[in-house]
> 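To start, I am sharing the structure in question, which I have written as structure tokens.
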Amino acid sequence: QVQLAESGGGSAQAAGSLRISCVASEGSFSRNCMGWFRQVPGKEREGVAGISPKGYYTYYDGSVKGRFTVSRDNAKNTVYLQMNSLRPEDTAMYYCAAARKSSCSYRWDSPETYDSWGQGTQVTVSS
């Protein structure tokens, strides 16, 4: 399994921006599909964005499409989530996840697809 560590969470005003990052512990990072999920207390973890191993393909939940951008830098073993036009409903704990597979589109937004998870970083958006 890959060890993952998120950072960059915090507080923002509505319509503001934040960028969160996730660093992987090992060199096989470039062979992993990566996903960003979020969770609020009492609700299931939901997929926000996904990205293929070399970054050629990206996937977004409809609620964030056009506002969030997922990217990766395989030389730095890092995946990013740029969040713009933030809304109070984006408030959640955000997790990155890794899946050792080459085809990422199938069930990219299902937590069961992923083998490794970070500890999460809190994002709070105020109105």
Side-chain angles (χ1 to χ4, degrees):
Q1 289 187 341
V2 178
Q3 292 191 346
L4 303 170
E6 301 94 338
S7 62
S11 299
Q13 296 284 328
S17 299
L18 281 173
R19 188 177 80 159
I20 55 178
S21 305
C22 171
V23 178
S25 63
E26 62 174 62
S28 66
F29 172 79
S30 63
R31 296 193 288 273
N32 284 268
C33 301
M34 298 298 296
W36 282 102
F37 287 75
R38 65 187 180 188
Q39 190 171 25
V40 297
K43 292 192 175 181
E44 292 186 354
R45 195 167 293 191
E46 63 173 1
V48 174
I51 188 166
S52 61
K54 296 191 182 300
Y56 295 153
Y57 303 102
T58 56
Y59 314 95
Y60 297 96
D61 182 74
S63 66
V64 306
K65 199 167 187 178
R67 301 188 298 121
F68 290 11
T69 302
V70 60
S71 62
R72 65 192 297 163
D73 184 341
N74 286 345
K76 296 181 179 180
N77 286 359
T78 303
V79 62
Y80 305 96
L81 186 66
Q82 176 68 44
M83 303 180 289
N84 298 329
S85 301
L86 283 163
R87 304 168 180 168
E89 54 263 40
D90 295 319
T91 295
M93 186 72 79
Y94 282 73
Y95 300 89
C96 68
R100 188 69 176 269
K101 52 189 291 191
S102 57
S103 179
C104 306
S105 61
Y106 180 67
R107 300 190 70 190
W108 70 266
D109 57 349
S110 172
E112 290 74 23
T113 296
Y114 297 86
D115 314 304
S116 304
W117 292 85
Q119 81 289 350
T121 186
Q122 177 68 36
V123 171
T124 302
V125 184
S126 57
S127 58

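Keep in mind that the numbers below use all heavy atoms, side chains included, and drop hydrogens, waters and symmetry copies. Everything quoted here is computed from the prediction, not taken from an experiment.
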> Is there a side-chain contact between Arg100 and Ser28 (heavy atoms, below 4.5 Å)?
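Contact flag for Arg100/Ser28 side chains = yes.
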> So which atom in Thr113 and which in Arg107 form the shortest heavy-atom distance, rounded to 0.1 Å?
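In terms of heavy atoms, the two residues are closest at OG1-O, 2.7 Å.
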> Can you check whether Ala92's main-chain N or O pairs, donor with acceptor, with Gln39's side chain at less than 3.5 Å?
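Between the backbone of Ala92 and the side chain of Gln39 there is no qualifying donor-acceptor contact (under 3.5 Å).
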> For residues 75-113, which residue pairs qualify under disulfide (SG to SG under 2.5 Å), counting only residues two or more places apart or in two chains?
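Qualifying pairs: Cys22-Cys96, Cys33-Cys104.
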> So that I can tick it off, tell me whether Arg38 and Asp90 are bridged by a salt bridge, with the cut-off set at under 4.0 angstrom between side-chain N and carboxylate O.
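Salt bridge between Asp90 and Arg38, a charged N being under 4.0 Å from a carboxylate O: yes.
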> Which residues, ordered by chain and number, are linked to Tyr56 in its hydrophobic cluster, where ILVMFWY side chains connect at heavy-atom gaps below 4.5 Å, directly or through other members?
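Members alongside Tyr56: Phe37, Tyr57, Tyr59, Met93, Tyr95, Trp108, Tyr114, Trp117.
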> List, by chain and number, the other hydrophobic cluster members for Tyr80, where Ile, Leu, Val, Met, Phe, Trp and Tyr join if side-chain heavy atoms come within less than 4.5 Å, directly or indirectly.
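None; Tyr80 is a cluster of one.
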> Determine whether Val79 and Val70 satisfy the following criterion, side chain to side chain contact (heavy atoms under 4.5 Å, CB included), listing intermediate values before the conclusion.
CA-CA 7 Å; Val79 62; Val70 60; 4.0 Å; yes
> Compare every heavy atom of Asn74 with every heavy atom of Pro53, then report the nearest pair and how far apart it is.
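In terms of heavy atoms, the two residues are closest at O-ND2, 3.0 Å.
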> Might you point out which heavy atoms bring Ala24 and Leu4 nearest each other, and give the distance in Å?
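Nearest heavy atoms, Ala24 then Leu4: CB-CD2, 3.7 Å.
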> Can any side-chain N or O of Asn32 pair as donor or acceptor with the backbone N or O of Met34 at less than 3.5 Å?
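A pair under 3.5 Å: no.
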> Check this for me: Gln3, atom CD, are more than 12 non-hydrogen atoms of other residues, nucleotides or ligands nearer than 6.0 Å?
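Open: at most 12 neighbouring heavy atoms sit under 6.0 Å from CD of Gln3.
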